[in-house]
Amino acid sequence: MSDHPSQHQRPERAIRSYVLRKGRLTKGQQRALEELLPRFAVPEAPRVADWPALFGREAPVALEIGIGGGEALVGMAGRHPNWNWVGLDVYPPGVGKLLLSLEAEGLDNVRVGLVDAVDFLADQVPDGSLAACYIFFPDPWSKERHKKRRLIQAPFLDLLAERLAPGADLFLATDWADYAQWMVEVMEAHPRYANIHGPGAFAPRCPDRPPTKFEERGEQRGHEVYDLHYRRL
Ligand SMILES: C[S@@+](CC[C@H](N)C(=O)[O-])C[C@H]1O[C@@H](n2cnc3c(N)ncnc32)[C@H](O)[C@@H]1O
(Lines give C-alpha, C1' and ligand atoms only; values in the text may rest on other atoms or scores of the structure.)
Protein backbone atom coordinates (compact mmCIF):
# COMPACT_ATOMS: atom_id res chain seq x y z
CA MET A 1 0.00 0.00 0.00
CA SER A 2 1.68 3.18 -1.11
CA ASP A 3 -1.31 5.49 -1.53
CA HIS A 4 -0.79 8.89 -0.11
CA PRO A 5 -2.56 9.30 3.22
CA SER A 6 -5.66 11.45 3.24
CA GLN A 7 -4.99 15.06 4.12
CA HIS A 8 -6.04 15.25 7.66
CA GLN A 9 -6.82 18.03 10.02
CA ARG A 10 -3.73 17.67 12.23
CA PRO A 11 -4.08 17.71 15.97
CA GLU A 12 -2.93 21.14 17.25
CA ARG A 13 0.80 20.85 16.59
CA ALA A 14 1.97 23.71 18.76
CA ILE A 15 1.25 21.28 21.60
CA ARG A 16 3.24 18.06 21.59
CA SER A 17 2.67 15.00 23.76
CA TYR A 18 6.31 14.99 24.91
CA VAL A 19 9.16 17.25 25.86
CA LEU A 20 12.17 16.37 23.77
CA ARG A 21 14.83 14.92 26.06
CA LYS A 22 18.05 13.94 24.40
CA GLY A 23 19.08 11.67 27.26
CA ARG A 24 22.51 10.17 27.58
CA LEU A 25 23.32 7.44 25.07
CA THR A 26 25.42 4.45 26.04
CA LYS A 27 28.13 3.49 23.55
CA GLY A 28 25.99 0.56 22.47
CA GLN A 29 22.94 2.74 21.88
CA GLN A 30 25.07 5.22 19.93
CA ARG A 31 26.34 2.42 17.71
CA ALA A 32 22.82 1.07 17.32
CA LEU A 33 21.50 4.44 16.14
CA GLU A 34 24.37 4.80 13.68
CA GLU A 35 24.61 1.26 12.35
CA LEU A 36 21.31 -0.47 13.01
CA LEU A 37 18.77 2.31 12.56
CA PRO A 38 19.43 2.58 8.80
CA ARG A 39 18.65 -1.15 8.51
CA PHE A 40 15.44 -1.07 10.58
CA ALA A 41 14.20 2.47 9.89
CA VAL A 42 10.78 3.50 8.63
CA PRO A 43 11.00 5.81 5.60
CA GLU A 44 12.15 9.35 6.23
CA ALA A 45 9.60 12.14 6.03
CA PRO A 46 7.82 12.89 3.79
CA ARG A 47 8.01 9.47 2.09
CA VAL A 48 4.85 7.45 2.54
CA ALA A 49 5.38 3.98 3.98
CA ASP A 50 4.94 1.15 1.52
CA TRP A 51 4.58 -1.58 4.14
CA PRO A 52 5.03 -4.68 1.92
CA ALA A 53 8.13 -3.15 0.36
CA LEU A 54 9.51 -2.07 3.72
CA PHE A 55 9.10 -5.53 5.30
CA GLY A 56 9.64 -7.54 2.13
CA ARG A 57 6.34 -9.35 2.62
CA GLU A 58 2.57 -8.89 2.92
CA ALA A 59 1.40 -9.21 6.53
CA PRO A 60 -0.82 -7.31 8.96
CA VAL A 61 0.94 -4.20 10.29
CA ALA A 62 0.79 -3.40 14.02
CA LEU A 63 1.99 -0.07 15.40
CA GLU A 64 3.26 0.69 18.90
CA ILE A 65 3.41 4.38 19.82
CA GLY A 66 5.83 5.38 22.58
CA ILE A 67 7.98 2.25 22.78
CA GLY A 68 10.06 3.43 25.75
CA GLY A 69 12.90 0.88 25.91
CA GLY A 70 11.11 -1.43 23.47
CA GLU A 71 10.43 -4.23 25.99
CA ALA A 72 6.80 -4.65 24.95
CA LEU A 73 7.51 -4.39 21.24
CA VAL A 74 10.27 -7.01 21.33
CA GLY A 75 7.96 -9.35 23.27
CA MET A 76 5.01 -8.82 20.92
CA ALA A 77 7.06 -9.12 17.72
CA GLY A 78 8.68 -12.30 19.00
CA ARG A 79 5.32 -13.84 19.88
CA HIS A 80 3.72 -12.85 16.57
CA PRO A 81 6.32 -13.47 13.88
CA ASN A 82 3.65 -13.47 11.18
CA TRP A 83 2.86 -9.81 11.78
CA ASN A 84 4.86 -6.78 10.71
CA TRP A 85 5.59 -4.47 13.66
CA VAL A 86 6.36 -0.75 13.71
CA GLY A 87 7.62 1.05 16.83
CA LEU A 88 7.85 4.82 17.17
CA ASP A 89 9.38 7.05 19.83
CA VAL A 90 11.15 10.39 20.05
CA TYR A 91 13.64 9.36 22.76
CA PRO A 92 17.02 8.34 21.25
CA PRO A 93 18.28 6.12 24.13
CA GLY A 94 15.01 4.15 24.09
CA VAL A 95 15.16 3.64 20.33
CA GLY A 96 18.84 2.66 20.64
CA LYS A 97 17.93 0.11 23.32
CA LEU A 98 15.18 -1.34 21.14
CA LEU A 99 17.57 -1.66 18.19
CA LEU A 100 20.08 -3.54 20.34
CA SER A 101 17.34 -5.95 21.42
CA LEU A 102 16.25 -6.51 17.81
CA GLU A 103 19.83 -7.35 16.91
CA ALA A 104 20.28 -9.65 19.93
CA GLU A 105 16.98 -11.47 19.31
CA GLY A 106 17.47 -11.65 15.54
CA LEU A 107 14.03 -10.13 14.94
CA ASP A 108 13.44 -9.00 11.39
CA ASN A 109 9.71 -8.24 11.55
CA VAL A 110 10.12 -4.84 13.27
CA ARG A 111 10.73 -1.39 11.81
CA VAL A 112 11.56 1.60 13.94
CA GLY A 113 11.10 5.35 13.75
CA LEU A 114 12.81 8.00 15.88
CA VAL A 115 9.92 10.31 15.09
CA ASP A 116 6.86 12.02 16.47
CA ALA A 117 4.13 9.43 15.94
CA VAL A 118 1.50 12.09 15.26
CA ASP A 119 3.52 13.56 12.39
CA PHE A 120 4.30 10.08 11.07
CA LEU A 121 0.64 9.07 11.14
CA ALA A 122 -0.47 12.30 9.52
CA ASP A 123 2.01 12.30 6.64
CA GLN A 124 3.44 8.84 6.09
CA VAL A 125 0.93 6.13 6.97
CA PRO A 126 -1.49 5.03 4.25
CA ASP A 127 -5.18 5.15 5.12
CA GLY A 128 -6.62 1.95 6.55
CA SER A 129 -3.22 0.24 6.55
CA LEU A 130 -2.84 -0.62 10.26
CA ALA A 131 -4.29 -3.80 11.72
CA ALA A 132 -3.62 -2.83 15.34
CA CYS A 133 -2.25 -0.04 17.49
CA TYR A 134 -0.77 -0.31 21.00
CA ILE A 135 -0.20 2.66 23.31
CA PHE A 136 1.12 1.56 26.70
CA PHE A 137 1.65 4.05 29.52
CA PRO A 138 1.55 7.26 27.48
CA ASP A 139 2.97 10.23 29.37
CA PRO A 140 0.27 11.03 31.95
CA TRP A 141 0.67 14.83 32.04
CA SER A 142 -1.02 14.80 35.40
CA LYS A 143 -0.99 18.52 36.21
CA GLU A 144 -4.18 20.28 35.19
CA ARG A 145 -2.40 22.84 33.01
CA HIS A 146 -0.52 20.06 31.16
CA LYS A 147 -3.49 17.85 30.32
CA LYS A 148 -3.75 19.42 26.88
CA ARG A 149 -0.54 17.52 26.06
CA ARG A 150 -2.12 14.12 26.57
CA LEU A 151 -1.85 11.97 23.47
CA ILE A 152 -5.26 10.37 23.83
CA GLN A 153 -7.56 13.16 22.67
CA ALA A 154 -10.27 13.44 20.03
CA PRO A 155 -8.15 15.01 17.23
CA PHE A 156 -5.49 12.30 17.60
CA LEU A 157 -8.18 9.60 17.66
CA ASP A 158 -9.71 11.06 14.47
CA LEU A 159 -6.35 10.77 12.73
CA LEU A 160 -5.66 7.27 14.06
CA ALA A 161 -9.12 6.11 12.93
CA GLU A 162 -8.22 7.10 9.34
CA ARG A 163 -5.04 5.04 9.41
CA LEU A 164 -6.51 1.96 11.15
CA ALA A 165 -8.30 -0.61 9.03
CA PRO A 166 -11.97 -1.23 9.86
CA GLY A 167 -12.03 -3.85 12.62
CA ALA A 168 -8.49 -3.00 13.78
CA ASP A 169 -7.73 -3.23 17.50
CA LEU A 170 -6.58 -0.36 19.69
CA PHE A 171 -5.03 -1.30 23.04
CA LEU A 172 -4.33 1.31 25.71
CA ALA A 173 -2.86 1.00 29.19
CA THR A 174 -2.07 3.49 31.93
CA ASP A 175 -1.24 3.43 35.63
CA TRP A 176 -2.73 6.89 36.26
CA ALA A 177 -6.32 6.55 37.48
CA ASP A 178 -7.16 10.05 36.30
CA TYR A 179 -5.79 9.40 32.79
CA ALA A 180 -7.63 6.06 32.70
CA GLN A 181 -10.91 7.85 33.37
CA TRP A 182 -10.02 10.51 30.79
CA MET A 183 -9.27 7.76 28.21
CA VAL A 184 -12.62 6.09 28.82
CA GLU A 185 -14.42 9.41 28.40
CA VAL A 186 -12.75 10.43 25.13
CA MET A 187 -12.88 6.92 23.68
CA GLU A 188 -16.56 6.39 24.51
CA ALA A 189 -17.45 9.78 23.05
CA HIS A 190 -15.69 8.95 19.78
CA PRO A 191 -18.02 7.61 17.08
CA ARG A 192 -15.40 5.46 15.32
CA TYR A 193 -14.35 3.14 18.15
CA ALA A 194 -16.30 0.50 20.07
CA ASN A 195 -15.30 -0.82 23.47
CA ILE A 196 -14.78 -4.59 23.14
CA HIS A 197 -15.79 -5.12 26.76
CA GLY A 198 -18.91 -2.97 26.73
CA PRO A 199 -19.48 0.75 27.20
CA GLY A 200 -17.19 2.29 29.79
CA ALA A 201 -15.55 -1.00 30.76
CA PHE A 202 -11.87 -1.58 31.41
CA ALA A 203 -10.30 -4.63 29.77
CA PRO A 204 -8.37 -7.53 31.25
CA ARG A 205 -4.62 -7.10 30.93
CA CYS A 206 -3.71 -6.99 27.23
CA PRO A 207 -2.46 -10.54 26.60
CA ASP A 208 0.39 -9.18 24.46
CA ARG A 209 1.65 -6.69 27.03
CA PRO A 210 4.84 -7.80 28.78
CA PRO A 211 5.76 -5.77 31.87
CA THR A 212 7.69 -2.60 30.98
CA LYS A 213 9.92 -0.33 33.02
CA PHE A 214 7.14 2.23 33.34
CA GLU A 215 4.65 -0.35 34.53
CA GLU A 216 7.10 -1.58 37.16
CA ARG A 217 7.73 2.00 38.28
CA GLY A 218 3.97 2.55 38.63
CA GLU A 219 3.58 -0.64 40.64
CA GLN A 220 6.36 0.45 43.00
CA ARG A 221 4.34 3.61 43.62
CA GLY A 222 1.29 1.49 44.37
CA HIS A 223 -0.54 2.44 41.16
CA GLU A 224 -3.19 0.17 39.72
CA VAL A 225 -2.88 -0.56 35.99
CA TYR A 226 -5.86 0.02 33.70
CA ASP A 227 -6.17 -1.61 30.27
CA LEU A 228 -8.60 -0.61 27.53
CA HIS A 229 -9.43 -2.44 24.30
CA TYR A 230 -11.33 -0.82 21.43
CA ARG A 231 -12.17 -1.81 17.88
CA ARG A 232 -12.15 0.63 14.99
CA LEU A 233 -15.67 0.62 13.55
C1 LIG B 1 5.80 6.99 29.88
S2 LIG B 1 6.70 6.44 28.51
C3 LIG B 1 6.12 4.77 28.30
C4 LIG B 1 7.02 3.95 27.44
C5 LIG B 1 6.61 2.49 27.21
N6 LIG B 1 5.36 2.38 26.50
C7 LIG B 1 6.58 1.71 28.49
O8 LIG B 1 5.50 1.27 28.90
O9 LIG B 1 7.64 1.53 29.10
C10 LIG B 1 5.95 7.29 27.16
C11 LIG B 1 6.79 7.26 25.90
O12 LIG B 1 6.06 7.86 24.84
C13 LIG B 1 6.95 8.62 24.05
N14 LIG B 1 6.15 9.60 23.30
C15 LIG B 1 5.37 10.58 23.79
N16 LIG B 1 4.78 11.27 22.80
C17 LIG B 1 5.19 10.69 21.63
C18 LIG B 1 4.93 10.96 20.26
N19 LIG B 1 4.11 11.94 19.87
N20 LIG B 1 5.53 10.19 19.33
C21 LIG B 1 6.37 9.18 19.71
N22 LIG B 1 6.64 8.88 20.99
C23 LIG B 1 6.07 9.62 21.94
C24 LIG B 1 7.92 9.20 25.07
O25 LIG B 1 9.14 9.59 24.48
C26 LIG B 1 8.09 8.03 26.03
O27 LIG B 1 9.16 7.18 25.65
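When a ligand or atom number is given, it counts from 1 through the structure's own listing order.
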- Task: Show which atoms of ligand 1 fall inside a sub-4.0 Å distance from at least one heavy-atom site of D116.
- Result: 18 (C), 19 (N), 20 (N)
- Give yes or no for whether the N/O distance cutoff of 3.5 Å, strictly under, is met between G66 and ligand 1. yes
- Message: For atom 9 (O) of ligand 1, what is the closest protein heavy atom, and at what distance to 0.1 Å?
- Response: F214 CD1, 2.9 Å
- Query: Does any N or O atom in D89 lie less than 3.5 angstrom from one in ligand 1, N or O only?
  - Reply: yes
- Task: Output the list of atoms in ligand 1 that are nearer than 4.0 Å to some heavy atom of F137, sorted by atom number.
- Result: 1 (C), 2 (S), 3 (C), 8 (O), 10 (C)
- Query: Taking R231 for the side chain and N195 for the main chain, is one N or O donor matched with an acceptor at less than 3.5 Å?
  - Reply: no
- Task: Determine, using ring centers only, whether F55 and W85 are less than 6.0 Å apart.
- Result: no
- Query: Counting distance only, does the side-chain N/O of E185 pair as donor-acceptor with the main-chain N or O of W182 below 3.5 Å?
  - Reply: no
- K213 atom NZ, neighbour heavy-atom count above 12 within 6.0 Å: no
- Which is closest to atom 14 (N) of ligand 1 in terms of heavy atoms, V118, L114, D139, T174? D139
- Query: For ligand 1, which atoms have a heavy atom of S17 less than 4.0 angstrom away?
  - Reply: 15 (C), 16 (N), 17 (C), 18 (C), 19 (N)
- Item | Validation row: L228, F171 side chains within 4.5 angstrom (heavy atoms) | no
- Message: Looking only at distances, can you tell me whether any N or O atom of F136, backbone or side chain, sits closer than 3.5 Å to an N or O atom of ligand 1?
- Response: yes
- Could you see which bit of V115 sits under 4.0 Å from ligand 1, with heavy atoms only: side chain, backbone, both or neither? backbone
- State the atoms of ligand 1, each with its element, that fall below the 4.0 Å cut-off from a heavy-atom position in G68. 4 (C), 5 (C), 27 (O)
- Query: Judged by non-hydrogen atoms, does D119 sit under 4.0 Å from ligand 1?
  - Reply: no
- Pull out every atom of ligand 1 sitting under 4.0 Å from any heavy atom of A117, numbered as shown with elements. 18 (C), 19 (N), 20 (N), 21 (C)
- Query: Taking the six-membered ring for Trp, are W51 and F120 parallel (under 30°), tilted (30 to 60°) or perpendicular (over 60°)?
  - Reply: tilted
- Task: Identify whether NZ of Lys or CZ of Arg in R217 sits under 6.0 Å from the centre of the six-membered ring of F214 and within 45° of that ring's axis.
- Result: yes
- Note on the structure: Sorted by chain and residue number, the ring pair (Phe, Tyr, Trp, His ring centres under 6.0 Å) partners of F202 (sequence neighbours excluded) come out as Y226
- Report yes or no: is the cationic atom of R149 (NZ for Lys, CZ for Arg) under 6.0 Å from the centre of the six-membered ring of W141, at an angle within 45° of the ring normal? yes
- Query: Could an N or O of ligand 1 be found under 3.5 Å from any N or O of T212, whether backbone or side chain?
  - Reply: yes
